[in-house]
Amino acid sequence: MLKDKIIIRGAKENNLKNINIELPRNKFIVLTGLSGSGKSSLAFDTIYAEGQRRYVESLSAYARQFLGQMEKPDVEYIEGLSPAISIDQKTTSKNPRSTVGTVTEIYDYLRLLYARIGTPHCYKCGKEIASQSIDQMVDQIMSLEERTKLQLLAPIIRGRKGEHQKVLESIRKEGFVRVRIDGEMMELSDDIKLEKTKKHTIEVIVDRIVVKEGIEKRLTDSLETALKLSDGLVIVDVLEKEELLFSQKLSCPDCGVGIEELAPRMFSFNSPFGMCPTCNGLGSHMKIDPELIIPNKNISINQGAIAPYANSSDDTYYIKMFRAIAEYYKFDLDAPIGEAPKELIDDILYGTGERELEFEFDSRFGGWKTFKAAFEGVIPNFERRYSETNSDYMKDKIEEYMSIIPCPDCNGNRLRPEILAVTVGGLNISEFTDMSVRQAIDFVNELKLTEMQEKIANQILKEIKERLNFLVDVGLDYLTLSRNAGTLSGGEAQRIRLATQIGSSLVGVLYVLDEPSIGLHQRDNDKLLKALRNLTDLGNTLIVVEHDEDTMYCADHIVDIGPGAGVHGGYIIAEGTIDDIKKCEESITGQYLSGKKKIEVPKERRKLNGKWIEIKGASENNLKNIDVKIPLGVFTSITGVSGSGKSTLVNEILYKSLAQELYRSKDKPGKHKKILGIEHIDKIIEIDQSPIGRTPRSNPATYTGVFDQIRDLFAMTPEAKARGYSKGRFSFNVKGGRCEACKGDGILKIEMHFLPDVYVPCEVCKGKRYNRETLQVKYKGKTISDILDMTVEEALEFFDSIPSIKRKIETMYEVGLGYIKLGQPSTQLSGGEAQRVKLATELSKRSTGKTLYILDEPTTGLHIADIHKLIKVLNKLVDAGNAVLVIEHNLDVIKTSDYIIDLGPEGGDKGGTIVAQGTPEEICSVEESYTGQFLKKMLEK
């Protein structure tokens, strides 16, 4: 029998200080504490890692060679562990073939449903398809033009792996001499060898016929033979024209459209039997976008309106060509290109046809040349070069001017037309997946079936309903099943995996979750907590890293880790019920829970200055053609339930439009009519949670720019001057000062084949990144490597006498990053930490007072004490005259805002309108606003 506790002794992973703790099994446990205090080190790097390692160790050596050897976490021992499952915020899949439907497995059940009870229709005329008799087939073939050549084929094997030698032998014995194998006509000889591992299609050529009077008897005999060979299916190949499919089972007598017996694989956009042949089941393809070639209609050709050639010199071929086109139309090269006639734009984009242009240009190799020819057009030129080039660099450059557009043949539905013509309850499978989860549940519940269909579909529909309801339980009822998995936020992806786990009904499992409440409105939090409680009720243990107050109140056991972050964290400060945490004087979490500390509501809201950014006609995704006015010079929160349209409005429309206008960005904004008030700002800065760099060479010191100043300082030391060392000597990215054995990385990667790669400190520099000579230069007794190894807090004290360096480091400390090291690799920073490094970088710059800052859920991963610091920092930006716009669910941030724009009322198709706008107090008075209802309770406290 399993123990009733998980007993951990001597946990020292990362910053954990040799902690001992006992956690109750089959309970809902919350680990909380300041950001960077060690919660994830205990939950993921210790408990989950050891649970997973033990499970892998229990497998055979054969299985382990594929899974790899897992490192043991730094802990003396753990007792009472179950097999562990981690549900974190890493997005489900970047694969364009993954959708919400496929990830949750609902699509697998839908394919089965449509294959078993779907009603096929002719995709040409829309009639319901039924089986055809041989007489009907003969009549339709005879209706073809006289002297039409036909070839009758019997499909024996369709898309099956194997050598199929017995099949070929039996065909030969029947006396047939010609076959079509994988689309290629060939004589049926003894030396045909098919690859065993490939899927093959074998079609016997039964007869060749010319349509003319009096061939009905021969045609009937040949059709009967073909239908007998192929179990009721025959292909009539109208030579050099098209193919007609006839079936004794399913085909349209009027149009000659046939379909095989329905099978689940035919409804898969990942299978050749179902996928649209044009887009291979992706539903879209990349195409040169005219709006990315000419993104800004307000600037002239001379100012660089043709984006790909904006930085080209005046004497180049293309610039001369554009000028020649403008001269032909007598159009001023300094006038905004938006005022140009349509014909001029068409000539630039699509070419001049047969009309030739004449001009002189400076050839790079041959000097000045006179040129006379028609212009190919930017778009045809790019399309040709994209298809001809083998250079990845060139393809990447051209892709900057391409957009993903729906496939012209399937209109983004991914499937063949004959498959999209199969319906259940009047909807095809693509129309079903385009509904929101909420709509899909209503549709399934109201589905009218015959008695026979009811019997067949009963179990399938039960599974579909259950899985749809699990998505509702975790607050994702606004998602569509066709939504690409790569477009989900971290919180949405995590909750989808949570819904899948609830559906699996496993017992005796240890689940470890990382802030499942992220991106979730308070209205939906109760649903999530019920879903989490359901996991423990089944007999599982739940360990949740979380800062959310409601989650803590719902938990059976809370562990508060701290007291500080980084080196100041790693201790168990308090554990027990929520009342135990409140009573603990040392617990910062307890002080906020008990009300001893709190984020105060501002005594006075900032007055609006009359300047606005106004978005007209926002209609991207679910936005309902709305006009939105965002005040400048104040702190504004965009709120609303999950999926209401907040990110679409701010990130897709506002940011991309302003970045295009102010920085000539190539990103295409979401659909809207226009944006007014741009003259009131000179900069727009998006501070998101993406990494500050893609490699370990990026770190807080390099990103904020403070490392440049530190290197300047080292270059000015007497020792560096005596040796002739410049600033570059102290960079670990270039030759000279760095250790060449590890190229400045400080670590070496040892590849272990089927074991995991091992990283070891460089033997030459011992992990210090620099060579011996560079490390002999010191400032105040510290080498450049020692500086990188300092925490922000230590560096702040060390550089106290140098204001320029101190100011940059101080901003990192102000945003709550005192515990991270200056040289900490970017790959080791969480999304929240990366966002705060960016925020610190902006704070350290001199403000113009006309900047618009955009932050998308900046409280992600933050303890309430850190949120307190964050709010002070954001208000600092506003006090300097700038505008701050945050997308947020956190009520502590929302209540301190000067202005709120609340979207909704629901998510998905029922969202996308403005529910309320104004001060927090004004929002509270709007009954339709879910945000207002929760905010009212908080302000009343």
Side-chain angles (χ1 to χ4, degrees), residues 13-17 30-45 88-89 490-491 494 512-519 543-549 551-552 558-574 581 586-593 597 599 687-692 699-700 791-793 796 811-822 824-841 843 855-874 886 888-890 892-893:
E13 192 68 30
N14 297 331
N15 68 334
L16 296 179
K17 306 295 195 299
V30 167
L31 301 188
T32 191
L34 293 180
S35 313
S37 61
K39 305 180 297 298
S40 295
S41 296
L42 179 60
F44 289 94
D45 302 338
D88 58 20
Q89 289 167 38
Q494 184 181 29
V512 185
L513 281 81
D514 187 10
E515 294 198 70
S517 68
I518 282 174
I543 296 178
V544 181
V545 175
E546 190 56 273
H547 298 294
D548 177 63
E549 197 173 300
T551 309
M552 289 189 228
I558 302 174
V559 178
D560 189 32
I561 300 174
V567 292
H568 303 301
Y571 297 98
I572 304 295
I573 302 303
I581 306 297
E586 296 78 33
S587 168
I588 296 173
T589 307
Q591 289 174 30
Y592 277 98
L593 285 172
K597 282 191 175 182
I599 296 171
I687 306 172
D688 60 14
Q689 297 206 357
S690 60
I692 58 170
N699 58 52
T791 64
V792 166
E793 192 175 12
L796 189 59
T811 56
M812 283 195 274
Y813 185 76
E814 281 177 11
V815 297
L817 293 176
Y819 61 93
I820 65 169
K821 291 184 176 179
L822 289 183
Q824 192 159 325
S826 65
T827 50
Q828 293 177 11
L829 296 173
S830 70
E833 287 168 338
Q835 187 175 38
R836 281 179 285 155
V837 169
K838 294 175 186 178
L839 191 55
T841 308
L843 274 171
L855 295 94
D856 193 346
E857 293 199 59
T859 59
T860 297
L862 295 191
H863 186 274
I864 190 165
D866 298 308
I867 292 171
H868 206 153
K869 286 181 184 173
L870 176 74
I871 290 169
K872 286 179 181 173
V873 167
L874 295 178
V886 297
E888 197 48 89
H889 290 296
N890 185 283
D892 283 307
V893 174

What pair of heavy atoms forms the shortest contact from [X] to [Y], and how long is it?
| X | Y | result |
| --- | --- | --- |
| G33 | S37 | C-OG, 3.7 Å |
| I588 | P563 | CD1-O, 3.6 Å |
| L31 | K39 | O-CD, 3.7 Å |
| Q494 | P516 | OE1-CA, 3.3 Å |
| L34 | A565 | CD1-N, 4.4 Å |
| N15 | G566 | ND2-O, 2.8 Å |

For the residue pair [X] and [Y], confirm or rule out a side-chain donor-acceptor distance under 3.5 Å.
| X | Y | answer |
| --- | --- | --- |
| H868 | Y592 | yes |
| D560 | T32 | no |
| E833 | Y819 | yes |
| D548 | S517 | no |

Note to self: If we ignore hydrogens and angles and just use 3.5 Å, is the side chain of K821 paired with the main-chain N or O of V792 as donor and acceptor?
What the structure shows: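 Looks like no, no N/O pair under 3.5 Å.
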
Next item on the list: Determine yes or no for a side-chain-to-main-chain donor-acceptor pair under 3.5 angstrom, with D856 supplying the side chain and D688 the backbone.
Entry: no

Notebook entry, point to check: For K838, which of L843, L855, I692, V815 qualifies under side chain to side chain contact (heavy atoms under 4.5 Å, CB included)?
Noted result: I692

Next item on the list: Might you work through the side-chain contact (heavy atoms from CB on, under 4.5 Å) test for L874 and L839, ending with a clear yes or no?
Entry: CA-CA 9 Å; L874 295 178; L839 191 55; 4.2 Å; yes

Notebook entry, point to check: In a check of side chain to side chain donor-acceptor pair (under 3.5 Å) between T859 and each of H889, H547, E888, which one passes?
Noted result: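 Only match with T859 under side chain to side chain donor-acceptor pair (under 3.5 Å): E888.
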
Checklist line | Point-to-point distance, once rounded to the nearest 0.5 Å, from CD1 of I581 to CE of M552 | finding: 9.0 Å

Item checked: Side chains of I561 and L42 in contact at under 4.5 Å (non-hydrogen atoms) ->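 Yes - at least one pair of side-chain heavy atoms lies under 4.5 Å apart.
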
Check: Can you tell me if OH on Y571 sees more than 12 non-hydrogen neighbours from other groups inside 6.0 Å?
Finding: no

